[in-house]
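Working notes, structure below.
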Amino acid sequence: MSPSKKLIEQRKDILGGTPVFKGTRVPVKTFFEYLEADHSIHEFLEDYPTVSRQQAIDVLESFKNQLLQPQ
């Protein structure tokens with residue numbers, strides 16, 4: 001199981017299976033859209049208080065580690 005599986009969950013009963021931060025109803029896609037739109041992590045966390053700062057950082061770290069792994 002990849003580390004992101006512990007951070008992100010997909011269940012049909014939560015937003016129809018959209019990947020969300022584990023234990024929340026906040027789509028991970030929304031987090032990346034905030035960052036793409038030049039918003040800060042702080043702004044995202046203010047708008048989505050059910051996501052902890054550590055969850056947001058852990059998701060970024062997980063994807064960074066996956067992208068930087070040698071092939």
Side-chain angles (χ1 to χ4, degrees):
M1 180 185 296
S2 75
S4 63
K5 296 285 185 194
K6 297 176 185 174
L7 304 169
I8 298 168
E9 64 183 336
Q10 275 184 278
R11 294 180 20 202
K12 289 187 191 269
D13 62 329
I14 300 175
L15 299 178
T18 298
V20 297
F21 285 91
K22 190 169 183 88
T24 76
R25 296 179 61 82
V26 180
V28 175
K29 179 181 178 185
T30 302
F31 178 49
F32 285 106
E33 289 171 345
Y34 260 67
L35 297 177
E36 289 172 348
D38 206 26
H39 294 284
S40 69
I41 292 174
H42 179 74
E43 290 171 299
F44 173 78
L45 296 173
E46 281 185 341
D47 290 345
Y48 296 94
T50 58
V51 178
S52 72
R53 180 171 181 76
Q54 192 61 54
Q55 282 178 297
I57 297 298
D58 288 348
V59 163
L60 289 174
E61 285 290 325
S62 175
F63 283 104
K64 179 182 86 173
N65 290 338
Q66 287 177 33
L67 288 171
L68 297 178
Q69 277 186 343
Q71 296 292 323

Shortest non-hydrogen pair, Pro19 vs Ile8, comes out as CB-CG2, 3.8 Å

Tightest non-hydrogen contact, residues Lys22 and Lys6, listed as CD-O, 3.2 Å

Contacts satisfying salt bridge (Lys or Arg N to Asp or Glu O under 4.0 Å) that involve residues 54-64 (not counting sequence neighbours) are Glu61-Lys64

Side chain to side chain contact (heavy atoms under 4.5 Å, CB included) with Val28: of Val59, Val51, Thr18, only one passes, and it is Val59

Arg11 meets the side chain to side chain donor-acceptor pair (under 3.5 Å) criterion, sequence neighbours left out, with Asp13

Residues passing the side chain to side chain donor-acceptor pair (under 3.5 Å) test with Tyr34, sequence neighbours excluded, are Asp47

Using distance only, find each side-chain donor-acceptor pair of residues 35-43 under 3.5 Å and give its atom names and separation, not counting sequence neighbours.
| residue | atom | partner | partner atom | Å |
| --- | --- | --- | --- | --- |
| Ser40 | OG | His42 | N | 3.4 |
| Ser40 | OG | Glu43 | N | 3.0 |
| Ser40 | OG | Glu43 | OE1 | 3.4 |
| His42 | NE2 | Glu46 | OE2 | 2.8 |
| Glu43 | OE1 | Ser40 | N | 2.6 |

* In sequence, state the C-alpha distance, the side-chain angles, and the governing distance for Leu7 and Phe63, and then conclude on side chain to side chain contact (heavy atoms under 4.5 Å, CB included). => CA-CA 11 Å; Leu7 304 169; Phe63 283 104; over 6 Å; no

### Query
Can the ring centroids of Phe31 and Phe21 be said to lie less than 6.0 angstrom from one another?
yes

Apart from Ile14 itself, its cluster of hydrophobic side chains linked below 4.5 Å comprises Leu15, Val20

